[in-house]
Amino acid sequence: MTDNRRRTMPRLCKLAVAGALIWTTLSGAVPASADSPATLPSDSLVSALARQVALELVQGYPAELEKSVDGWIASLSARQPFAAWKTASRDIEPLGPGTHGWLVTLRSPAKQAVGYLVVYAAEDGSYRLGEYGVGPQPLFDKASLSRSLVANGIVSSHSSPYRAEKLYLHPFAAVWKVTVEGETYWFDAKTDEQLPLDDKSWARIREAFHGLSPEPDAAAAVTKLKLGEPFDPYERLPWLMNEAPFDADADSDFVARVGQGHPLRYVCEPFGDKMLYAIAVVGYTGWSGGRIDAALEMYGSRFVPLSTLRSYGLFYR
């Protein structure tokens, strides 16, 4: 054996150990959780660089993402109805395949859900806030989905096995794809209502989707917030009575109507004529930089960028 080979062997061994560590961590052989991080070998077994790589793989998200999320939480929690977020813990998880996004679920010290945020990666490497909401039923709530599966007779009990996949394109194309004994079912990710979808219809929706450019960035702060009382959007059916939609192209007109407490309904058909959403608009949030988010009453207040709502539906008085 030459001297060069002798000098190379220790480095190759270290890389092999690091590779084995990463593999066992990802395969579940090394237990890891938010409360109990994976136990890593000492420096005598694996280089500091490999240990850092392994930790990043276990965590599944970069530190800059955490920093951005914490900034939005701090700004929102300074106002009602987000005050419970001040003491909440947060869980970050990928938001389905191909989204370059994350779902952040916030829980009280008693482990009850108190809200959520959707975050996207921007092309410049920073992060952007999508929709967010407050209340005990966040987006992609597994407990709520389980109750809906039982209520719809798809499974016999909450302990029955099933496979659920998160799919997210925009707030009104956010769905659970559930597989039970070879059969596939689709559910709304917020209301857990069963949807008239299949693989072909979802593929058409995905092909027509052109992406989102959400704001604000991590430096933005809430400048105003208005939240009123819920109302029944079906008290009137203006979209069936040939009434002209409310012109919400100007942010100022939208803010004036909602701020004065006048009823406003949001209506959209994201899956064609198979299903119609009619939702009460109960408030709004304003951010530095000018973004306006509409507060929709959907099992708690769901805040969606006004620009996104304009793209997928219409407003009615």
Side-chain angles (χ1 to χ4, degrees), residues 33-35 81-82 84-85 87-97 99 101-118 130-199 201-202 205 227 229-234 266 268-271 274-280 282 295-304:
S33 69
D35 297 324
F82 300 95
W85 290 15
T87 57
S89 60
R90 52 166 174 70
D91 298 323
I92 303 177
E93 57 183 315
L95 191 60
T99 61
W102 293 264
L103 172 67
V104 183
T105 304
L106 294 105
R107 300 188 185 278
S108 70
K111 304 303 181 184
Q112 300 298 314
V114 293
Y116 73 93
L117 307 95
V118 170
E131 66 166 289
Y132 50 97
V134 293
Q137 186 168 318
L139 199 67
F140 291 107
D141 183 58
K142 294 178 181 178
S144 178
L145 174 63
S146 179
R147 291 192 295 270
S148 187
L149 291 173
V150 173
N152 282 278
I154 295 172
V155 299
S156 57
S157 70
H158 296 297
S159 60
S160 299
Y162 63 87
R163 180 177 180 272
E165 180 182 6
K166 295 188 293 292
L167 298 174
Y168 189 100
L169 296 176
H170 57 77
F172 293 96
V175 303
W176 285 110
K177 181 181 180 182
V178 179
T179 304
V180 181
E181 296 181 351
E183 297 292 329
T184 302
Y185 307 88
W186 301 75
F187 289 82
D188 185 281
K190 186 65 171 73
T191 67
D192 293 299
E193 182 178 0
Q194 190 169 357
L195 300 173
L197 288 176
D198 55 29
D199 286 324
S201 57
W202 179 256
I205 295 167
L227 197 62
E229 294 297 322
F231 63 92
D232 182 1
Y234 291 96
Y266 180 69
C268 66
E269 294 178 294
F271 313 124
K274 292 182 177 181
M275 184 172 180
L276 181 142
Y277 289 85
I279 308 161
V282 294
L296 309 177
E297 181 56 32
M298 296 182 70
Y299 292 86
S301 296
R302 184 182 193 183
F303 294 79
V304 179

* Contact list for residues 139-153, test salt bridge (charged side-chain N to carboxylate O under 4.0 Å, His left out), sequence neighbours left out -> none
* To do: Apply side chain to side chain donor-acceptor pair (under 3.5 Å) to Thr105 and list each qualifying residue two or more places apart in sequence or on a separate chain.
  => none
* Asked: Can you name the nearest heavy-atom pair linking Phe172 to Leu296, along with the distance?
  -> CZ-CD1, 3.7 Å
* Asked: Between Pro138 and Gly115, what is the shortest heavy-atom contact and its length?
  -> CB-O, 4.0 Å
* For Glu165, what residues pass the side chain to side chain contact (heavy atoms under 4.5 Å, CB included) criterion, not counting sequence neighbours? -> Pro97, Arg163, Leu167, Lys177
* To do: Kindly give the heavy-atom pair with the smallest separation between Lys166 and Pro94, and that separation in Å.
  => CE-O, 3.5 Å
* Under 4.5 Å between any side-chain heavy atoms of Trp202 and Leu195, yes or no? -> no
* Look at the aromatic rings of Phe303 and Tyr132 and report parallel, tilted or perpendicular, splitting at 30° and 60°. => parallel
* Taking the side chain as C-beta and beyond, is there a heavy-atom pair between Ile279 and Arg302 under 4.5 Å? -> no
* State whether the side chain of Ser160 and the backbone N or O of Val155 hold a donor-acceptor pair below 3.5 Å, judged by distance alone. => no
* For Asp188, check side chain to side chain donor-acceptor pair (under 3.5 Å) against everything at least two apart and list the hits. => Thr191, Tyr277
* Structure fact -> Hits for side chain to side chain donor-acceptor pair (under 3.5 Å) against Ser201, two or more places apart or cross-chain, chain-then-number order -> Asp198
* Taking the side chain as every heavy atom from C-beta outward, state whether Leu197 and Val175 have any atom pair closer than 4.5 Å. => yes
* **Any Trp186 side-chain heavy atom under 4.5 Å of Asp199 side chain** => yes
* Asked: Are the side chains of Pro270 and Ile205 in touch, meaning some heavy atoms are under 4.5 Å apart?
  -> no
* To do: Report the distance from atom CG of Leu145 to atom NE2 of His158, rounding to the nearest 0.5 Å.
  => 11.0 Å
* Does atom OH of Tyr162 have more than 12 heavy-atom neighbours from other groups under 6.0 Å away? -> yes
* Given side-chain contact (heavy atoms from CB on, under 4.5 Å), test Phe231 with Glu297 step by step and report yes or no. => CA-CA 8 Å; Phe231 63 92; Glu297 181 56 32; over 6 Å; no
* To do: Using the ring-ring contact (aromatic ring centres under 6.0 Å, His included) rule, pick out the option among Phe140, Phe187, Tyr168 that qualifies with Trp176.
  => Phe140
* What pair of heavy atoms forms the shortest contact from Val180 to Pro161, and how long is it? -> CG1-O, 4.3 Å
* To do: Give the minimum heavy-atom separation between Pro233 and Ala278, together with the two atoms involved.
  => CG-O, 3.4 Å
* Quick one: does Leu117's side chain get under 4.5 Å of Arg90's, heavy atoms only? -> no
* Donor-acceptor pair, Gln137 side chain versus Lys190 backbone, under 3.5 Å? -> yes
* **Partner residues of Arg107 under the side chain to side chain donor-acceptor pair (under 3.5 Å) criterion, sequence neighbours left out** => none
